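Written below as structure tokens is the structure these notes are about.
All figures in this text were calculated on a predicted structure; none of them were measured in a lab.
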Amino acid sequence: MSAHLNAALREGDNPELTEERRKATFDTRKLADEFFGSHLARRRREIAKAIDAIPELHDTKPLPFMTREEKVEEAARKVFTLSKHITDIVDLSNNRETQSLNEMVIGIEGMPISLHFAMFIPALQGQADDEQKREWLDRAIRMEIIGTYAQTELGHGTNLRMLETTATYDKQNKEFILNSPTLTSLKWWPGNMGKSCNYAIVVANLIIDDKLLGPHSFMVQLRDENSHETMPNIQIGDIGPKMAYNSSDNGFLKLSNLRIPRRNMLMKHAKVQEDGTYKKPPHEKLAYSAMVHVRSHMITQHAMLLAYALSISTRYSCIRRQGYIDPKKDEVKVIEYQTQQHRLFPHIARAYAFAFAGTESIRKFEIMKRSLEAGNIELIADLHALTSGLKAVVTYLAGQGIEQARQACGGHGYSMASYMGEIYGVGIAGCTYEGENLVMMQQLGRYLIKAVKSVKEGKKPTGYVAYLAHAGQRHSLIDCRPNEGYAEHIRAFEHIARRQTFRAAERLQKYENSGLSTEQAWNNCTVELNRASRLHTRLFIACNFYERVLDVEDMAVREVLEDLLHLHLNYELIDIASYALEAKKIRPNAVSLVDSWEITDREHRSVLGRRDGHVYENLFKWAKSSDLNQNDVLPSHKKHLLPMMLNARKQSKL
Ligand SMILES: CC/C=C\C/C=C\C/C=C\C/C=C\C/C=C\C/C=C\CCCCC(=O)SCCNC(=O)CCNC(=O)[C@H](O)C(C)(C)COP(=O)(O)OP(=O)(O)OC[C@H]1O[C@@H](n2cnc3c(N)ncnc32)[C@H](O)[C@@H]1OP(=O)(O)O
Ligand SMILES: Cc1cc2nc3c(=O)[nH]c(=O)nc-3n(C[C@H](O)[C@H](O)[C@H](O)COP(=O)(O)OP(=O)(O)OC[C@H]3O[C@@H](n4cnc5c(N)ncnc54)[C@H](O)[C@@H]3O)c2cc1C
């Protein structure tokens with residue numbers, strides 16, 4: 001092992017992990033540069049170091065031992081402390097740096113300003129005109145106000161056209177009157193709205209002269225800026241505990257004849273003039289821009305959640321000894337079992353593939369944003385299709401990978417000492433928020449059907465759907481010749497995706513020809529259409545992974561990434577048995593592959609995933625620190641169970 005491979009080696013670590021790290025064939029720092037991009041990888045190291053030096057930014061105790069109130073308070077305390085240091089630590093205009101700081105200090109369970117950064121600020125940037133930006137955006141960036149994005153209602157989240165909250169224009173007073181007319185119209189879910197925010201961008205159906213003009217965004221003050229008391233005509237609160245993500249106060253909101261000035265409608269695109277004249281936006285869905293922003297960022301976020309789970313389980317699998325492969329020898333590390341490797345390694349490959357796809361979706365979002373600033377709306381549909389598919393496929397597969405990683409830790413994976421439960425709970429929330437996954441698949445499906453129509457009209461679609469027009473391809477994987485390299489795999493992927501997309505399109509056509517309405521025909525084909533969307537998105541991920549690997553200059557890093565690419569393409573494409581070979585190849589680098597994610601113990605919050613591998617002694621410490629262990633007999637036991645047992649004993653003696 002050469003000295004440059006030593007980045008993760010430390011004195012005093014569990015020798016089982018040290019042995020693994022000595023086997024690395026590449027420099028973990030160089031692979032980290034590929035996973036995050038070299039700038040972010042370097043900044044993450046600097047951020048971790050800066051946090052180490054500020055004790056007020058450290059957890060006061062493990063989050064799983066805190067009550068919900070304590071978690072909410074801890075997150076608020078850290079946000080306040082961070083506000084004093086943040087500009088010394090990160091460049092606030094860099095989303096990924098800021099998000100890394102957030103994950104390291106506060107973690108993944110939520111905090112009072114998540115939605116402020118994830119959606120409130122992006123919605124102002126995308127939808128407020130210059131004057132409105134001067135009024136609100138600068139204050140928001142300075143955190144003088146905290147905002148959220150209030151769109152979903154108790155009765156409707158997916159179908160935005162049926163939102164019941166109304167904003168009726170009153171020409172006389174030049175004001176909008178906002179109302180939640182029914183129980184189901186209560187805003188429900190917006191992050192941090194319950195207790196933390198004092199402003200919200202409320203999405204409401206605009207009504208002018210009794211005419212319904214669809215969902216638009218309005219700036220609403222929820223709480224007094226000095227006392228933080230709820231404003232008149234507003235009822236607001238927290239919606240209660242959730243599966244995970246409980247440091248966040250997701251909230252409800254009722255608006256009762258709340259009057260706001262005309263200029264509180266965000267007017268960069270759609271406009272309402274004083275006399276009530278309505279000016280349409282240049283693209284009907286520009287009001288949805290904050291959602292597209294979050295979707296484009298969710299891919300790297302979910303790659304990271306998957307990386308958290310896999311580095312915990314891979315390290316743990318190398319210190320956990322259980323059973324024998326050769327009965328004459330010692331018990332083996334559980335990572336030696338073929339099933340354990342098959343369980344983990346394809347997901348490690350996916351974590352890399354997703355991270356690369358996520359970097360690409362953020363890049364595409366930035367390109368679209370710049371072109372929109374120049375007045376060009378052409379890229380909006382492509383980006384919406386891409387991010388809808390990626391969001392749905394990656395959150396779903398990341399959830400599956402996290403759950404496999406948990407099971408790979410056996411019983412200890414079920415203890416919150418592993419932190420797997422929280423990672424899973426937070427990860428799968430992404431299948432629902434920012435558009436329910438199966439619904440988002442249909443959005444991509446619409447785009448694919450349009451592309452098929454254009455192919456059938458003899459046109460050649462460009463970009464990610466260009467492959468749909470490629471004729472005369474091989475019909476089966478059996479035709480693939482191994483010596484043609486990965487390009488051949490990609491062509492096989494294209495073939496499968498194209499065949500499914502045409503199959504769905506033909507079925508749709510058949511139903512339409514049979515006299516069904518367009519909507520009914522569509523509904524009859526959605527399973528086929530969603531399959532096509534899934535395959536198209538997996539093709540994009542694979543293709544992007546392949547192209548990304550071709551760009552890697554360091555030969556040792558490129559070689560290990562090629563091993564992962566090989567495994568990924570086979571896992572996704574061919575039958576289960578075929579990847580046994582690749583798994584063997586990954587095995588010596590398993591720990592170093594996860595070390596390259598450079599997730600610090602502070603960020604991990606997992607006893608099982610400790611970098612030093614000293615799991616068992618720390619599991620015992622963890623158990624001893626439980627609140628429930630502070631009294632030999634719990635007060636609740638004395639109150640309920642002891643009298644019950646005493647009473648039962650008394651009864652049996654009678
Ligand atoms: C800085 C960091 C940034 C981000 C970090 C983000 C995430 C962090 C992730 C993980 C971190 C870890 C822990 C954190 C955990 C959790 C919490 C963190 C954040 C959570 C935020 C969650 C916030 C929300 O959920 S907000 C609410 C989101 N709601 C939805 O998404 C609703 C879904 N519904 C819809 O989008 C639409 O209604 C619909 C698309 C389904 C249908 O709309 P509509 O009926 O109006 O249209 P259609 O008739 O179907 O289509 C007509 C045409 O319009 C096109 N279309 C639709 N939408 C768009 C769009 N957005 N852009 C462009 N075009 C669009 C459609 O394609 C049709 O086109 P056609 O040409 O006619 O075919
Ligand atoms: C952790 C978390 C944070 C959130 N944060 C926010 C926030 O900050 N702001 C905000 O406004 N909202 C937020 N939300 C709400 C979230 O965006 C919605 O819950 C989400 O968009 C799904 O909508 P829904 O709840 O109406 O699901 P539903 O649409 O009711 O989904 C139920 C089922 O119906 C199916 N379905 C619905 N429509 C169709 C269709 N057309 N075709 C086929 N099947 C369909 C779905 O696939 C699903 O299986 C958050 C949610 C969560 C879980």
Would you say [X] has more than 12 foreign heavy atoms packed within less than 6.0 Å of its [atom1]?
{"X": "E284", "atom1": "CD", "value": "no"}
{"X": "K450", "atom1": "NZ", "value": "no"}
{"X": "K456", "atom1": "NZ", "value": "yes"}

Regarding [X] and [Y], do their side chains bring together a donor and an acceptor under 3.5 Å, going by distance alone?
{"X": "E153", "Y": "T165", "result": "yes"}
{"X": "Q400", "Y": "Y396", "result": "yes"}
{"X": "E164", "Y": "T184", "result": "yes"}
{"X": "W522", "Y": "Q442", "result": "yes"}
{"X": "Y245", "Y": "N250", "result": "no"}
{"X": "N437", "Y": "T395", "result": "yes"}
{"X": "R96", "Y": "Q99", "result": "no"}
{"X": "R531", "Y": "Q500", "result": "no"}
{"X": "Q151", "Y": "Y149", "result": "yes"}
{"X": "H297", "Y": "N95", "result": "yes"}
{"X": "E519", "Y": "N523", "result": "no"}

Next item on the list: Just do the side-chain hydrogen bond (donor to acceptor under 3.5 Å, both in side chains) check on S217 and Q127 with the steps written out, would you?
Entry: CA-CA 8 Å; S217 302; Q127 294 174 45; 2.8 Å; yes
Are [X] and [Y] close enough for a salt bridge, meaning some N to O gap below 4.0 Å?
{"X": "R558", "Y": "E34", "answer": "no"}
{"X": "R491", "Y": "E488", "answer": "yes"}
{"X": "E360", "Y": "R363", "answer": "yes"}
{"X": "E457", "Y": "K453", "answer": "no"}

Name the orientation class of the two ring planes belonging to [X] and [Y] (parallel below 30°, tilted from 30 to 60°, perpendicular beyond 60°).
{"X": "H347", "Y": "Y571", "answer": "perpendicular"}
{"X": "Y467", "Y": "H536", "answer": "parallel"}
{"X": "Y486", "Y": "Y546", "answer": "perpendicular"}

Next item on the list: List for me each residue that meets ring pair (Phe, Tyr, Trp, His ring centres under 6.0 Å) alongside F36, sequence neighbours excluded, and say none if there are none.
Entry: none
When the aromatic ring centroids of [X] and [Y] are compared, is their separation below 6.0 Å?
{"X": "F120", "Y": "W136", "result": "no"}
{"X": "F176", "Y": "Y169", "result": "yes"}
{"X": "H293", "Y": "F365", "result": "yes"}
{"X": "H216", "Y": "Y278", "result": "yes"}

Notebook entry, point to check: If we only count heavy atoms from C-beta on, is the P461 to V455 side-chain gap below 4.5 Å?
Noted result: yes
Item checked: Test side chain to side chain contact (heavy atoms under 4.5 Å, CB included) applied to C525 and I449, N530, L508, the passing residue -> L508
